There are 2 protein chains.
Amino acid sequence: MGQGIDVAVSTVILALLPTGGEPGDGPGDEPGSGPGGPRLHLPLVRRTREPHRDCWALPGGWVRPEESLADAGRRTLAETTGLRPSYLEQLYTFGRPDRSPTGRVVSVVYTALVRSREAAAAQEGENVRWSVADDATGLAFDHDEVVRYALWRLRTKIEYGSIARHFIGERFSLSQLREVHESVLQRRLDPANFRRAVEASGTVEPTDERLTGGRHRPPRLYRAVPAPHGAAPPWEGAGPPA
Amino acid sequence: MGQGIDVAVSTVILALLPTGGEPGDGPGDEPGSGPGGPRLHLPLVRRTREPHRDCWALPGGWVRPEESLADAGRRTLAETTGLRPSYLEQLYTFGRPDRSPTGRVVSVVYTALVRSREAAAAQEGENVRWSVADDATGLAFDHDEVVRYALWRLRTKIEYGSIARHFIGERFSLSQLREVHESVLQRRLDPANFRRAVEASGTVEPTDERLTGGRHRPPRLYRAVPAPHGAAPPWEGAGPPA
DNA sequence: ACAAAAGTGTTGGAAGTACACCCATGA
DNA sequence: TCATGGGTGTACTTCCAACACTTTTGT
């Protein structure tokens, strides 16, 4: 066709990191890592060329002719930050004619969630920075808007099981899961009611293991149950069609 | 950049039409228009060129360099079917490398809802056909999949006010609104409980008018209330950024 | 023994469901 | 007056938030 429209992908990758802390120690670690527990962070990359040179922006890049959109998201993410999230979900496609000053660009934006330990793989430095998601403003292009929309979507449609699987490890206590939800939703949750809601949701199941080494009674460990099915588009998180 | 990727838009436009009927008479008209009341229909267009020549497909076309994605959706929709829906919402972006045999095409798909009277504007003929949405299979490209996803999204996230505004007229009785919901959800709803749920939702408000000319007690007419705010991305349905 | 978190029970209110019943109109 | 849908009342159930309470561990 030759329309002269370029197709890019960008990714909003979110991780829960202790306020003021470094990637690597995540929720469930020593307390005192901040006034309100861990907060949502996302990696930004500094642009090294025009337009918006030296501005911070979401990691991303051009889609290659032979790769799927999700694959392009994964590839550009790895190239710019070193991150390789297991889960990627399409967020929205932005295509205002004037959103890039150099020409027509349509950006397919993905959202990913990573565990705090994986977040450490993003080599922070001169050109990569972890930023508190709610404070990320002044970004290049329309990325401010993209980030706000990604946060809105995360907070309004999350499932117990999925958020557990993606933000924390394979095995987790209900307190850890609750702390994740409290950090995302930015409000306290009743431990008793949270327990019952999670158990009734059917998205997690108890194991025989317990978390020892804590300072008090060892909690039972749970794991995310595969997938309830039928509540989401079948291809999300997996691969095709993307 | 010159990636050789073409950007298209397609639109899933849904209307409630009586089973076996013609566009123009909609829900709330004479009964006997089918065993189970009106059903979701969508217009399909016959492809006049390769690939998939003579196959039925979703209306759509190429995005022009200077128009927004939503505008491209509106324009191609009007060109192929004559329809001009007031509401357009982005559904998903499909971009498998092999989804078109002639080259790399990324399709941004929009969903629209139209009133049955507006649906009559789609000049049905040799190359435009209204089809029962749940029965639409064998379409060109990956459009089967697109239609199924659009139906899933409509059925899982609808609001009283919005569905009223888009599927039926400015003024409507609660019975008409209930019939719309019953058709979309494919199950009967209790009239008394439906009334209370709608009234409590705050998305519709009563007027002083009544619908006369019916065969029985004239029902009060309601209208959709502007917008609750904060429950959806701000730009959907309006225009930019899209 | 004590502190602190794990885990259970109970209660009251909101919201959803089923269904009985009265009201208003056209034929 | 009667059939029919419009509209109201009410009891029952289910869900959810608040919070008191018991259990189990490390120190």
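Throughout, a chain's letter reflects where its sequence line sits, starting with A, and its residues are numbered from 1. Excluded from the calculations below are hydrogen atoms, water molecules and symmetry mates; all remaining heavy atoms, backbone and side chain alike, are included. Just so you know, these numbers come straight off a predicted model, no measurement behind them.
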Quick check: any donor-acceptor pair below 3.5 Å linking the side-chain of [X] to the base of [N]?
{"X": "A:R217", "N": "C:dA5", "answer": "no"}
{"X": "B:R215", "N": "D:dT4", "answer": "no"}
{"X": "A:R196", "N": "C:dG7", "answer": "no"}

State the CG-OG1 distance between B:L88 and B:T111, to the nearest 0.5 angstrom.
8.0 Å
Can you measure [X] atom [atom1] to [N] atom [atom2] for me and round it to whole angstrom units?
{"X": "B:E199", "N": "C:dG16", "atom1": "CD", "atom2": "P", "answer": "14 Å"}
{"X": "B:R195", "N": "D:dG5", "atom1": "CZ", "atom2": "P", "answer": "15 Å"}
{"X": "B:F194", "N": "D:dT8", "atom1": "CZ", "atom2": "C1'", "answer": "17 Å"}
{"X": "A:E179", "N": "C:dA6", "atom1": "CD", "atom2": "P", "answer": "11 Å"}
{"X": "B:L211", "N": "C:dT25", "atom1": "CG", "atom2": "P", "answer": "13 Å"}
{"X": "B:Q176", "N": "D:dG6", "atom1": "CD", "atom2": "P", "answer": "9 Å"}
{"X": "A:N193", "N": "C:dG7", "atom1": "CG", "atom2": "P", "answer": "15 Å"}
{"X": "B:R220", "N": "C:dT25", "atom1": "CZ", "atom2": "P", "answer": "12 Å"}

Is [X] near enough to [N] that one of its side-chain N or O atoms lies under 4.0 angstrom from OP1 or OP2?
{"X": "A:S175", "N": "C:dA5", "value": "no"}
{"X": "A:T212", "N": "D:dT25", "value": "no"}
{"X": "B:R210", "N": "D:dG7", "value": "yes"}

Would you call B:R187 and B:E182 a salt bridge, taking side-chain N to carboxylate O under 4.0 Å as the test?
no
Salt-bridge contact B:R84-B:E118 (side-chain N to carboxylate O under 4.0 Å):
no
Nearest-nucleotide check on DNA chain C, A:H216 vs A:A192; residue mapping nearer the 5' end is A:H216
Donor + acceptor pair across side chains of A:Y222, A:E199 (<3.5 Å):
yes
List the steps, then state whether side-chain hydrogen bond (donor to acceptor under 3.5 Å, both in side chains) holds for B:T203 with B:S201.
CA-CA 5 Å; B:T203 57; B:S201 76; 2.8 Å; yes
For A:P218 and for A:R187, locate the closest nucleotide of DNA chain D by heavy-atom distance; then report the residue assigned to the nucleotide nearer the 5' terminus.
A:R187
